[in-house]
Amino acid sequence: MPELPEVEHLRRTLVPHLVGAHVLAANLLRDDIAQSHGVKGVPLNRTTKPQLLQGRNITSLRRLGKQLAILTDSGATMVIHLGMSGRLLVRDNPRNPPDHTHATWRISGPTGEHALLFVDPRRFGGIWTYPSPDTLFRYRWNTLGPDALDISAATLAKRLALSARPIKAALLDQGTIAGVGNIYADEALFRSKIHPQTTARLLPVTRVAALAEALRAILGDAVEAGGSTLRDYVDAAGEPGRAQAAHAAYGREGLPCLTCGTPLQSDTVAQRTTVWCPKCQMP
DNA sequence: AGGATAGCCTGCGGGC
DNA sequence: TGCCCGCAGGCTATCC
């Protein structure tokens with residue numbers, strides 16, 4: 001389940017291979033996983049290789065929330081969202097791609113010639129192409145809130161000030177704050193001792209500050225650990241992450257709270273399984 | 001208009 | 001052993 005830390009770790013592992021690389025070829029194996037820019041999006045097809053960066057030179061990799069953008073010297077920009085089960089793999093040998101490989105590239109870069117594969121069994125992810133970074137920012141990334149990795153207390157407070165929803169729902173909303181998924185939402189609420197059902201706008205500023213601090217700490221630590229591996233996620237080299245060992249709340253229903261020993265409670269909040277400590281995280 | 005809900009999709013684990 | 005079912009979950013469309 002790639003959330004912000006997994007995507008940021010992926011970005012960092014891809015940079016040495018991709019930045020400065022020339023895209024020799026692009027291949028779309030499934031038309032419906034890629035769309036060209038626009039509010040509604042226009043489906044790409046197998047003939048639109050330049051939009052998939054064929055012939056371009058990659059200049060940088062950028063991330064906002066859970067989305068990764070590949071920028072090129074021509075302006076052509078490609079956004080990849082991994083969804084639930086998506087992976088981007090760098091391989092030396094393009095033969096025998098995994099099942100559910102939907103797009104492939106051949107690149108020649110600083111570390112040699114490689115195959116880049118987009119694999120996504122559940123197809124909750126996808127690829128979006130834009131003629132320029134500016135169109136990406138205006139038509140897609142404008143709908144996202146500020147990135148959670150360096151969210152400030154003041155910014156978070158401003159985003160939550162009008163929301164009547166449970167704080168858990170607000171955290172999961174990418175338009176409020178970008179990059180938080182179910183795992184790190186529970187972890188951040190646990191760390192800041194906030195009950196997931198608390199109405200967002202009713203949180204005192206000191207609690208919001210604690211939440212912002214918890215988000216930065218937890219996401220930052222997870223990035224350094226290479227992300228959490230639950231079922232699907234691996235980085236560009238196929239390596240699993242190590243952050244799941246640090247989870248204090250997620251997946252620990254019924255187990256003792258690491259702070260007070262009280263069994264953790266679980267229920268559905270904002271349509272998601274949510275785990276919290278009934279003693280530490282008071283309503 | 002903001003918020004809640006259904007549905008997309010495959011793999012996996014539990015139960016029988 | 002093997003099958004079936006439920007669950008996992010990010011995001012969009014749709015409804016209220």
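Below, chain A is the first sequence line, B the second, and so on; all start at residue 1. Since the structure is predicted, the reported quantities are computational estimates derived from the model, not experimental observations.
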Legend entry - Duplex segments of DNA chain C, taken as runs of at least three Watson-Crick or G-U pairs that stay under 3.5 Å: B:2-16 with C:2-16
Inset, instruction - Starting from P on C/dC11, measure out to CH2 on A/Trp141 and report it in whole angstrom. - result: 13 Å
Inset, instruction - Provide the full list of side-chain hydrogen bond (donor to acceptor under 3.5 Å, both in side chains) pairs with a residue in residues 252-273 of chain A, sequence neighbours left out, each pair given once. - result: none
Inset, instruction - Could you check how far CG of A/Leu172 sits from P of B/dG3, rounded to whole Å? - result: 14 Å
Legend entry - Residues in side chain to side chain donor-acceptor pair (under 3.5 Å) contact with A/Arg106, at least two apart in sequence or another chain: A/Glu113
Inset, instruction - Write down the distance between CD (A/Gln35) and P (C/dT12), rounded to a whole number of angstrom. - result: 10 Å
Legend entry - Any pair counted as ring pair (Phe, Tyr, Trp, His ring centres under 6.0 Å), so long as it reaches residues 72-111 of chain A, sequence neighbours left out: none
Atom pairs, protein N/O to nucleotides 3-5 of chain C N/O, distance under 3.5 Å:
none

Inset, instruction - Report yes if a side-chain nitrogen or oxygen of A/Thr273 is closer than 4.0 Å to either non-bridging phosphate oxygen (OP1 or OP2) of C/dC7; otherwise report no. - result: no
Legend entry - Within residues 142-154 of chain A or reaching into it, pairs that qualify as salt bridge (charged side-chain N to carboxylate O under 4.0 Å, His left out) - sequence neighbours excluded: A/Arg63-A/Asp147
Inset, instruction - Identify, with sequence neighbours excluded, every residue that meets side chain to side chain donor-acceptor pair (under 3.5 Å) alongside A/Arg159. - result: none
Inset, instruction - Using atom CD1 of A/Ile183 as one end and atom P of C/dG9 as the other, report the distance to the nearest whole Å. - result: 7 Å
Inset, instruction - Using the test side chain to side chain donor-acceptor pair (under 3.5 Å), find all partners of A/Thr274 that sit at least two apart in sequence or belong to another chain. - result: A/Lys168
Legend entry - Selected nucleotide, minimal atom distance to A/Arg140 side chain, candidates C/dT12, C/dG10, B/dT10: C/dT12
Legend entry - 5' precedence on DNA chain B between A/His100 and A/Ser163 (nearest-nucleotide basis): A/Ser163
Legend entry - Side-chain N or O of A/Tyr250 closer than 4.0 Å to phosphate OP1/OP2 of C/dA8: no
For nucleotides 4-8 of chain B, tabulate all protein N/O to nucleotide N/O atom pairs closer than 3.5 Å, reporting atom names and distance.
residue : atom : partner  : partner atom : Å
B/dT5   : OP2  : A/Gln271 : NE2          : 2.6

Inset, instruction - Sequence neighbours left out, what passes side chain to side chain donor-acceptor pair (under 3.5 Å) with A/Thr72? Give chain and number order. - result: A/Ser74
Legend entry - Whether over 12 other heavy atoms sit under 6.0 Å from A/Asn96 CG: no
Legend entry - Any donor-acceptor N or O pair under 3.5 Å, side chains A/Gln67, A/Arg62: no
Legend entry - Which residues share a salt bridge (Lys or Arg N to Asp or Glu O under 4.0 Å) with A/Asp73, sequence neighbours left out: none
Inset, instruction - For A/Arg30 and B/dC9, give me the distance from atom CZ to atom C1', rounded to whole Å. - result: 10 Å
Legend entry - Nearest-angstrom distance from the residue atom CD of A/Glu3 to C1' of C/dG10: 10 Å
Inset, instruction - Please report, rounded to the nearest Å, how far the C1' atom of C/dG10 is from the CD1 atom of A/Ile80. - result: 16 Å
Legend entry - Rounded distance (Å) that lies between atom P of B/dG3 and atom CD1 of A/Ile167: 12 Å
Name the atoms and distances for all side-chain donor-acceptor pairs under 3.5 Å in residues 195-205 of chain A, with sequence neighbours left out.
residue  : atom : partner  : partner atom : Å
A/His195 : ND1  : A/Gln197 : N            : 3.0
A/His195 : NE2  : A/Trp276 : NE1          : 3.3
A/Thr198 : OG1  : A/His195 : O            : 2.7

Inset, instruction - May I ask you to decide if A/Gly83's main-chain N or O and A/Arg123's side chain share a donor-acceptor pair within less than 3.5 Å? - result: no
